[in-house]
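Working notes for the structure below.
Every number for a ligand or one of its atoms is a count from 1 in the order of the listing.
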Amino acid sequence: MPSACSIRVRGVVQGVGFRPFVYRLAQVHTLAGWVLNAEQGVEIHLEGEPQSLEAFVSSLKAQSPPAASISEIEVLPAEPVGLREFTIRESQRRRHPTVQISPDLPICDECLKELFDPADRRHLYPYINCTNCGPRYSVLLALPYDRPNTTMKAWPLDDYCGREYSDPSNRRFHAQPVACPVCGPGYYLHPHDEAARGSESSIRRAAEMVRAGGILAVKGLGGYHLVCDARNPATVAALRDRKFRKEKPFAVMAKDLSVARSLVDLSPEAETLLTSIARPVVLAPAKVALDGVAPDNNELGVMLPYTPLHHLLFAAGAPETLVMTSANRSSEPIAYDDEDALQRLAGIADSFLVGQRPIARRVDDSVARAGAFGPVVLRRARGYAPGAVASIPSERPILALGADLKNSITLVVDGQAFVSQHIGDLDHYQSLRAFRETIEDLVSMYEVRRHELALVHDLHPQYLSTIHAAALGVPQTHVVQHHRAHVASVLAERGEWAKRVVGVSFDGTGYGDDGSIWGGEIFVGSVREGFERVAHLRSAALAGGDAAARYPVQAAAGFLAQVDELPDVFAAPFAFSERYRMAAELVHKNVRTFTTTSVGRLFDAAAALLGFTREVTFEGQAAIWLEQLARAASPTQPYPFPFIDNELDFRPLLRAVAQDRVRGRDAKEIARAFHRGIAQGLLDSVRLIAHTHKLDTVVFSGGVFQNELLLEDLKSLLSGASLQVWTNHAVPPNDGGISLGQAALAAFKP
Ligand SMILES: [Zn+2]
Ligand SMILES: [Zn+2]
């Protein structure tokens, strides 16, 4: 007597070869029934012998396709209806399509083998893919994920591809972007090159040009890259020049894992990240000096090839270490549209390697690091977006707009929090446009109606995201303070709504409850009850407000105004500029001066005292410089950073830095003692607060916690302590994680 069951699978289970996998599994266990894509995931009905049903369910968990990510399997008993075979049924549609859209996937091993097999139909074909690999989010125009709803709709399948596409036993069954050299798109060079006809020779010619020192714009999965030989200092310098990118590090792509290992020191954790399905750029300690690639930085960002095209470029003789940086002018979002790229990159790229498959939306490379408290994503985009990062209990859809720097947005639909790809800094026109497009994109993809939405934005009245919130015309709007959102983002990742914690947010800039510039805040509370500010960095004056973030000496002026026994900062070794004098005067007269508790600016002040007196050319540069300086010294006694009357007092800390510098102590050691002091002072305050409020867990979030040395110091000072530490893993600790925290706090607001 056959029995039956129905199974519901949730998670990333569509567009990743899940139905053919289920089909094959049913054949193996001689089970009848059906499988279909429902809007909440995959539904399976099975009939057969009870032990076969059991075996099926355990294989379902253990052997699921590499790109699938199962969040939940529900097995319920069902009535057998006497089915004789197993079939793949048509998709069902209900209210919101809450199925999770798969992120883009790197080429799989089987496709890679075919790519270099001369006997294969897709030999050297740059758009080879299957249900286990290839583009997803970057080709998707609408849901459901079917070929007519992708950017492949212009290429009808030929018989060969069509047969594979409709054969449930084939790896390409319902692989929506499937194509071959006969029926699919190809690559070509622009401007036209006589020597290059068709994909194969165009790619070979492109590899030659890079080898010869050229700068190429190459169309990839989520946008264009600028590509050049990382070991050619003249080319790298030319790229910096043309891109107006003076010092910000470039990422490199290594030909394979062994080349990557020769470039950076890879811990097992870092290697796991590097080879993970998201294939992010991984930051790790550099083993080689690549002139001009990452100036003043002991770390190097490395990634592995993830598209067939990358493998083809290397196979065609491209240098084994390539600078591979988002194609844009400095800080603009990555170019992804062909015409736009040709226009914006004219004068930067010598030549363009253009793929004919359109990109539906820009998706930058992700950046990650194997950090002291576990892996952390610093820029969340390709390979991760638009995956759900949390389940947030909210009946109502929530749209959270994030912050103005490193913007990302979060949409909560049917309790799933989907975080967009990294969008960028909204004060760039191109990024603002991308911000608006991404909102439209996510809201329409999940078919959310405006009047249903709850909208969340930052407290800052002048943020462009705040201004845009008003323009969206949504009746229900919540406002969330920046640093509370940082702390909530960590708890949201863990689904900890009621847990009371000490929440620390050390950051560059965020609008505070009192209208001043916050960034050194300690809270107590939970997502459910909200967070009360219980302590903070001692306030300092900030001449020029947020603009001071560009000039470390300008930030230093406000902090040092409170420090007594200060040496003459205009004399050697400080030699502060006129800008310092002007800023100090503004502070003295209290003109165009704001109040701040920003730890980011405190790091800037220390960097200025140790020699970083020029203008920064990218966000966080002075702090990164200070961290790299400190890394060159061994651990040393911390400078005092006392916690008195609920304030962390920076005065003894900066006094020690200035005085030791005058005494001639090595700047590296001073930087080290400064970091150690920050860590020690923070832990003293956190321990006291945790004790007072009877709490056992502390949360660290905010841009300052991208500082790996600070995290290492915190970890070593904490060892043996009973405090539990939680940090970000799925979303960045920088402002890229703000939207998730906003959404979580809004979900619990009355
Ligand atoms: Zn594949
Ligand atoms: Zn074909």
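With a cut-off of 2.8 Å, the Zn ion (ligand 2) has no N, O or S atom of Asp159 in range.
Side-chain N/O atoms of Tyr165 and Gln176 include a donor and acceptor closer than 3.5 Å.
Computed with the Zn ion (ligand 1) at the centre, the Cys108 SG to Cys111 SG angle is 110°, stated to 10 degrees. Our summary of the site lists the angle at the Zn ion (ligand 2) between SG of Cys180 and SG of Cys183 as 120°, to the nearest 10 degrees.
For the pair Arg361 and Tyr336, the cation-pi criterion (under 6.0 Å, within 45° of the ring axis) is not fulfilled. Both cation-pi conditions hold for Arg121 and Tyr160: the charged atom is under 6.0 angstrom from the six-membered ring centre and inside a 45 degree cone around its axis. With Phe173 as the aromatic partner, Arg24 does not meet the cation-pi criteria of under 6.0 angstrom to the ring centre and within 45 degrees of the ring axis.
Nearest to the Zn ion (ligand 2), among the N, O or S atoms that Asp158 has, is OD1.
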